[in-house]
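Working notes, beginning with the structure itself.
We count ligands from 1, going down the list as the structure has it; atoms in each ligand are counted the same way. This is a predicted model, so every value here is computed, not measured. For the numbers below, each heavy atom of this structure counts, side chains included, while hydrogens, waters and symmetry mates do not.
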Amino acid sequence: MNVLVIGNGAREHAICWKLNESPSVGRIYTAPGNAGTSCISQNVLIDSDDIDSLLDFAVCKSIDLTVVGPEIPLANGIVDRFENAGLAIFGPSKAAARIETSKVFAKDLMVRYGIPTSSSETFSDYDSAAEYVSTQTMPLVIKAEGLAAGKGVVIAHTNEEALRTLLTIMKEKKLGSAGNRVLVEEYLTGHELSVFAFSDGYRISNLFAAQDYKRAFDGDLGPNTGGMGSYSPPTGTLWNQEIQDVVRTSVMEPVINALRTEGYPYKGVLYAGLMVNGSSVNVIEFNCRFGDPESQVVLPRLKTDLLEIMLAVSDSDISKLSINWDDQYKVAVVLASGGYPEEYNTGFEIDGLDGLDKDILAFHAGTILNEKKGERIPRVLTYGGRVLTIVGSGATMKIARDKAYDNISRVDFDGAFYRTDIANFE
Ligand code: AMP
Ligand code: GLY
């Protein structure tokens, strides 16, 4: 079967790598991909947001399954377009993807179906929002409704900060139409957990989970990023049987049932960002796709053929599947460009990739091949903020972590940095 993977991050490299293990997979194309995906698939120079060209390509190359990595094409209705053209695709429809693309839609659904989440008020004009925050105790969480590439959530510790945030989003329109409506939410405390399930619109698979480190620097300091590291499976009280049962019965099953009842059956992988505090679980957000860097630690643990799962999901019937996971620990550390998530430079040569241990996975994100005339082997250059995810495995979290760190220290480029405390519980 020919497969098209859409996206260019380490998440998409991990998806490609896992699909490549499937005996039923013939050719894999990645649009647009990166230096890593070019080693195991054919990169295609089509932007992941260019749905018209992706559709033409899929028809022309007789693609049997298209897999959508990032949220933007899902938000723009790529699944509806492909399905209308009779093509199999993995991901939710535009209407179902609103569980991520509209925080107001998601919050409203959760409230109506009794799914545990922080209390919240929605505003579309600055004056009412400002009046409301002035009556609340801090901290408060202020969220733009739409997709904002990680910049749409501010935790305000003072009334002034809350008002300044509302002004920036609602009057100055710094986030464009993503900020037309704003949610002002109760601040939750606890540990964040990313939980995933495959769904065919009716059923959900067993749950799988990871923990993501969103802040740029050690000790959870610095600005929010796309994610600087992750590990799976989470341990101890964060992911015991009791928590798993609560997440399944009070979050994942109800939201899949709610979406179907409302007329938007959800097919794809559903990602719940949760706050766990003792035995209490609250939803922070839903995403309509795999996480990054969570995919880099969960997909290597998957023992079942990913192609079979994705085909069954796209065919609306996962009832015959049994999805199994390896219980080895995986720890992922992201190597980023100096300055990320703010301004950074690219085009630096990456050294040391050929000196990694055999059991280490190196998933590429912002990388590009530089094929120079006269040079036999192309060089790998940096091309983005998050550059690589290095994944170590082991029978204990410590073994996995030590391997990841031992190997990431062998890779370097100008300005490279990484967090040194991923999965460190000591
Ligand atoms: P989101 O884009 O909704 O995932 O929010 C980004 C980050 O903001 C989350 O990963 C949390 O760290 C934090 N956050 C969002 N909502 C809340 C909340 N209600 N209470 C505490 N932290 C939150
Ligand atoms: N790791 C956070 C995300 O994928 O949204």
Side-chain angles (χ1 to χ4, degrees), residues 7 9-12 14-15 68-72 74-75 97 99-107 110-111 116-122 136-157 162 165 169 175 178-179 182-196 209-216 220-232 234 268-277 280-299 332-334 336 341 363 365 385-386 389 419 422:
R11 164 182 56 205
E12 288 75 19
I15 292 171
V68 190
E71 62 277 16
I72 306 262
L74 295 168
I99 199 71
E100 170 168 4
T101 62
S102 167
K103 289 187 192 293
V104 175
F105 172 85
K107 186 65 82 174
M110 286 188 269
V111 170
T117 184
S118 55
S119 60
S120 154
E121 294 287 332
T122 303
Q136 300 298 302
T137 45
M138 299 293 144
L140 275 180
V141 186
I142 299 185
K143 297 186 173 182
E145 174 184 15
L147 293 178
K151 301 211 184 306
V153 177
V154 170
I155 295 165
H157 294 276
T165 305
I169 302 177
L175 302 172
V182 161
L183 291 93
V184 181
E185 268 187 28
E186 164 204 8
Y187 177 75
L188 299 167
T189 54
H191 295 281
E192 281 185 53
L193 184 67
S194 305
V195 179
F196 303 86
Q211 203 165 19
D212 171 25
Y213 291 70
K214 285 207 168 81
R215 299 299 195 97
D220 287 331
L221 298 175
N224 253 330
T225 69
M228 293 297 292
S230 58
Y231 68 84
S232 181
V269 60
L270 179 67
Y271 164 167
L274 305 175
M275 189 70 87
V276 179
N277 198 337
S280 127
V281 171
N282 273 288
V283 176
I284 296 175
E285 62 166 353
F286 284 110
N287 293 315
C288 61
R289 51 175 173 81
F290 277 116
D292 184 342
E294 291 95 329
S295 312
Q296 295 92 300
V297 287
V298 297
L299 289 175
V333 185
V334 170
F363 293 121
R386 288 190 291 176
T389 308
R419 276 183 66 154
I422 305 301

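Residue-ligand proximity: Arg11 is placed with every non-hydrogen atom at 4.0 Å or more from ligand 2. Assignment of Gly291 to the shell around ligand 2 is supported, since a heavy atom sits closer than 4.0 Å. Under a 4.0 angstrom heavy-atom cut-off, Gly273 registers as lying outside contact with ligand 1. Not a single heavy atom of Gly273 sits less than 4.0 Å from an atom of ligand 2.
To the nearest 0.5 Å, atoms CZ (Phe105) and OG1 (Thr122) are separated by 13.5 Å. Taken from CZ in Phe286 to OG1 in Thr117, the straight-line distance is 8.0 Å, to the nearest 0.5 Å. Expressed to the nearest 0.5 Å, how far CZ of Phe363 lies from CD1 of Ile15 amounts to 10.0 Å. Atom OG of residue Ser120 and atom CG of residue Leu183 lie 4.0 Å apart, to the nearest 0.5 angstrom.
The side-chain heavy atoms of Met275 and Glu192, taken from C-beta on, include a pair separated by under 4.5 Å. Side-chain atoms of Val141 and Ser118, non-hydrogen and from C-beta on, never get closer than 4.5 Å to each other. You'll find the side chain of Arg11 reaches within 4.5 Å of the side chain of Pro70, heavy atoms only. Put simply, the side chain of Leu274 reaches to within 4.5 Å of the side chain of Val283, judged on heavy atoms. Put simply, the side chain of Leu188 does not reach to within 4.5 Å of the side chain of Asn277, judged on heavy atoms.
Heavy-atom contacts of Lys143 reach the following atoms of ligand 1: 3 (O), 15 (C), 16 (N) (cutoff under 4.0 Å). Within the listing of ligand 2, atoms 1 (N), 2 (C) sit less than 4.0 angstrom from a heavy atom of Asp212. Below 4.0 Å from some heavy atom of Tyr187 lie the following atoms of ligand 1, by number and element: 20 (N), 21 (C). Taking every heavy atom of Gly226 and a limit of under 4.0 angstrom, the matching atoms of ligand 2 come to 1 (N), 2 (C). In the vicinity of Ser118, heavy-atom distances shorter than 4.0 Å reach the ligand 1 atoms 19 (N). Per-residue contacts place Arg289 under 4.0 angstrom from the following atoms of ligand 2 (heavy atoms of the residue considered): 3 (C), 4 (O), 5 (O). Atoms of ligand 1 lying under 4.0 Å from any heavy atom of Lys214, numbered from 1 in the order shown and given with element: 10 (O).
Of all the heavy atoms of Glu294, the ones lying under 4.0 Å from any atom of ligand 2 belong exclusively to the side chain. When non-hydrogen atoms are compared, ligand 1 lies under 4.0 Å from the side chain of Lys103 (C-beta onward) but not from its backbone. With a 4.0 Å heavy-atom cut-off, ligand 1 is reached by the side chain of Val141 but not by its N, CA, C or O.
Distance from atom 21 (C) of ligand 1 to its nearest protein heavy atom, with residue and atom name: Leu188 O, 3.3 Å. For atom 8 (O) of ligand 1, the closest non-hydrogen atom of the protein is Val153 CG1, 3.5 Å. Among all non-hydrogen protein atoms, the one lying nearest atom 13 (C) of ligand 1 is Ile155 CD1, 4.1 Å. In terms of protein heavy-atom proximity, atom 1 (P) of ligand 1 is closest to Glu285 OE1, 3.4 Å. Counting protein heavy atoms only, atom 15 (C) of ligand 1 is closest to Ile284 CG2, 3.4 Å. Looking at atom 9 (C) of ligand 1, its nearest protein heavy atom turns out to be Glu192 OE1, 3.6 Å.
Minimum interatomic distance between Ala156 and Met138 (heavy atoms only, all atoms of both residues): O-SD, 3.8 Å.
A donor-acceptor pair is defined here as one N or O able to donate and one able to accept, closer than 3.5 Å; such a pair exists between the side chain of Ser232 and the backbone of Ala209.
The existence of a salt bridge linking Lys143 and Glu285 is excluded, since no basic side-chain nitrogen approaches an acidic carboxylate oxygen closer than 4.0 Å.
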- Query: Should Leu74 and Glu100 be marked as a side chain to side chain contact (heavy atoms under 4.5 Å, CB included) after you check the CA-CA gap, both sets of side-chain angles, and the distance that decides it?
  - Reply: CA-CA 10 Å; Leu74 295 168; Glu100 170 168 4; over 6 Å; no

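The distance criterion of under 3.5 Å between nitrogen or oxygen atoms is met by Asp292 with respect to ligand 2.
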